[in-house]
K.L.:
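Sharing a structure with you now.
Quick caveat, the model's predicted, so the values are computed rather than measured.
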Amino acid sequence: MKLLRTIALDPSDTFVFEVPAEPGEWAVSGTFRFCDRDLAKLSGKERSAFRSGFLGVQSWGWSTLVQIVPATENDRAALVELLARQLVDRFGAPDIATARAAAEDEVAFARSLCTHPISSLIAVQRSASDGGVRESFRRLRLREGQRHGKAFSFMEVEDDVEPDNDLNLADISQEPRRS
């Protein structure tokens with residue numbers, strides 16, 4: 001099994017986001033954080049989080065990049081429980097059972113982004129259009145002859161997943177639960 005962890009190749013997330021994620025946190029897409037917002041009115045660091053952030057589940061902060069890492073079923077279950085608690089405590093979910101169902105869906109979606117090899121880096125680009133959110137995910141890989149460590153030693157790879165072209169956050173709560 002593979003999951004996503006935040007990664008910081010440089011200090012830029014501390015300037016880009018109001019609350020940056022800590023490197024090494026479990027991460028999910030986090031698009032749900034904007035479901036009750038007027039996306040056209042986002043500005044500054046909040047707009048940056050919407051456009052290019054993955055949510056660090058522990059800190060509730062944002063990371064520009066995540067890394068695909070190996071995980072166990074215990075890791076997945078712990079991530080679901082942590083996210084469920086955060087959804088109750090920070091996002092106002094009505095109860096832990098409802099939050100756990102939403103967390104299961106969010107973690108399953110994060111797992112669906114892990115189709116590339118371990119250590120691959122993933123970036124997201126979001127935009128709002130026609131009342132919905134468009135997300136595209138890109139895998140970054142090292143340029144030939146480069147080692148991990150410098151943000152500019154990576155290049156985009158165009159073979160990536162675009163899971164939900166017409167995601168409408170307002171309709172998510174109306175949709176049947178993914179299984």
K.L.:
Which heavy atom of Ser63 sits nearest to which heavy atom of Ile7, and what is that distance?
P.N.:
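So the minimum-distance heavy-atom pair works out to OG-O, 3.4 Å.
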K.L.:
Using only heavy-atom distances, determine whether the side chains of Arg138 and Gln125 contain a donor-acceptor pair under 3.5 Å.
P.N.:
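A donor-acceptor contact under 3.5 Å links the two side chains.
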K.L.:
If every non-hydrogen atom of Gly56 is compared with every non-hydrogen atom of Ala21, which pair is closest and at what distance?
P.N.:
CA-CB, 4.0 Å
K.L.:
Is there a side chain to side chain contact (heavy atoms under 4.5 Å, CB included) between Met1 and Glu73 once you walk through the steps?
P.N.:
CA-CA 7 Å; Met1 172 182 317; Glu73 177 55 35; 3.3 Å; yes
K.L.:
Which pair of non-hydrogen atoms, one from Leu87 and one from Ala102, has the smallest distance, and what is that distance?
P.N.:
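Smallest heavy-atom distance, with atoms named: CD1-CB, 4.0 Å.
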K.L.:
Working to the nearest 0.5 Å, report the span between CG of Leu140 and CG of Leu9.
P.N.:
9.0 Å
K.L.:
Assign the ring pair Phe91 / Phe32 to parallel, tilted or perpendicular, where the plane angle (0 to 90°) is split at 30° and 60°.
P.N.:
perpendicular
K.L.:
Could you see if Val88 belongs to whatever hydrophobic cluster contains Leu83? Use Ile, Leu, Val, Met, Phe, Trp, Tyr and a side-chain cutoff under 4.5 Å.
P.N.:
no
K.L.:
Using 0.5 Å steps for rounding, measure from the CG atom of Leu39 to the CZ atom of Phe34.
P.N.:
8.0 Å
K.L.:
Do Lys45 and Phe50 have side-chain heavy atoms sitting under 4.5 Å apart?
P.N.:
no
K.L.:
Side chain to side chain contact (heavy atoms under 4.5 Å, CB included) with Val66: which of Leu113, Ile122, Val124?
P.N.:
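Looking at Leu113, Ile122, Val124, the match for Val66 under the side chain to side chain contact (heavy atoms under 4.5 Å, CB included) is Ile122.
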K.L.:
What distance separates Thr6 OG1 from Asp13 CG, expressed to the nearest 0.5 Å?
P.N.:
8.5 Å
K.L.:
Quick one: are Thr31 and Arg126 in side-chain contact, heavy atoms under 4.5 Å?
P.N.:
yes
K.L.:
Could you report the tightest heavy-atom contact between Cys114 and Ile68, atom names first, then the distance?
P.N.:
CA-CD1, 3.8 Å
K.L.:
Roughly how far, to the nearest 0.5 Å, is the CG atom of Leu4 from the CG atom of Leu121?
P.N.:
10.5 Å
K.L.:
Do NZ/NE/NH1/NH2 and the carboxylate oxygens of Arg5 and Glu25 come within less than 4.0 Å?
P.N.:
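No, Arg5 and Glu25 are not salt-bridged.
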K.L.:
Which of parallel (below 30°), tilted (30 to 60°) and perpendicular (above 60°) describes Phe54 and Phe137?
P.N.:
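Plane angle between 30° and 60°, so tilted.
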K.L.:
Taking 4.0 angstrom as the limit, do Arg76 and Glu104 come out as a salt bridge?
P.N.:
yes
K.L.:
Any non-hydrogen side-chain atom of Val28 less than 4.5 Å from a side-chain atom of Val57?
P.N.:
yes
K.L.:
Please report the shortest heavy-atom distance between Trp62 and Arg33, naming the atom on each side.
P.N.:
CZ2-NH1, 3.8 Å
K.L.:
Distance only, no hydrogens: is a donor on one side chain within 3.5 Å (strictly under) of an acceptor on the other, for Ser12 and Asp10?
P.N.:
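Yes, Asp10 and Ser12 have a side-chain donor paired with an acceptor closer than 3.5 Å.
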K.L.:
Quick check: closest heavy atoms across Ala71 and Leu3, and the distance to 0.1 Å?
P.N.:
CB-CD1, 3.5 Å
K.L.:
Run the side chain to side chain contact (heavy atoms under 4.5 Å, CB included) check on Trp60 and Val19 step by step: do they pass?
P.N.:
CA-CA 8 Å; Trp60 214 239; Val19 178; 6.0 Å; no
K.L.:
Just by distance, no angles: are the side chains of Ser127 and Ser129 close enough, under 3.5 Å, to form a donor-acceptor pair?
P.N.:
no
K.L.:
Can you tell me how far CG of Asp75 sits from OG1 of Thr72, rounded to the nearest 0.5 angstrom?
P.N.:
3.5 Å
K.L.:
Got Arg100 and Glu81 here, is their nearest side-chain heavy-atom distance under 4.5 Å?
P.N.:
yes
K.L.:
Just by modelled atom types, is the Ser48 backbone N or O under 3.5 Å from a matching donor or acceptor in the Ser52 side chain?
P.N.:
yes
K.L.:
Would Ser120 and Gln67 count as having a side-chain donor-acceptor pair, cut-off 3.5 Å?
P.N.:
no
K.L.:
Please tell me if the side chains of Ile96 and Arg85 come closer than 4.5 Å, counting only heavy atoms from C-beta onward.
P.N.:
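Yes. Closest side-chain heavy atoms under 4.5 Å.
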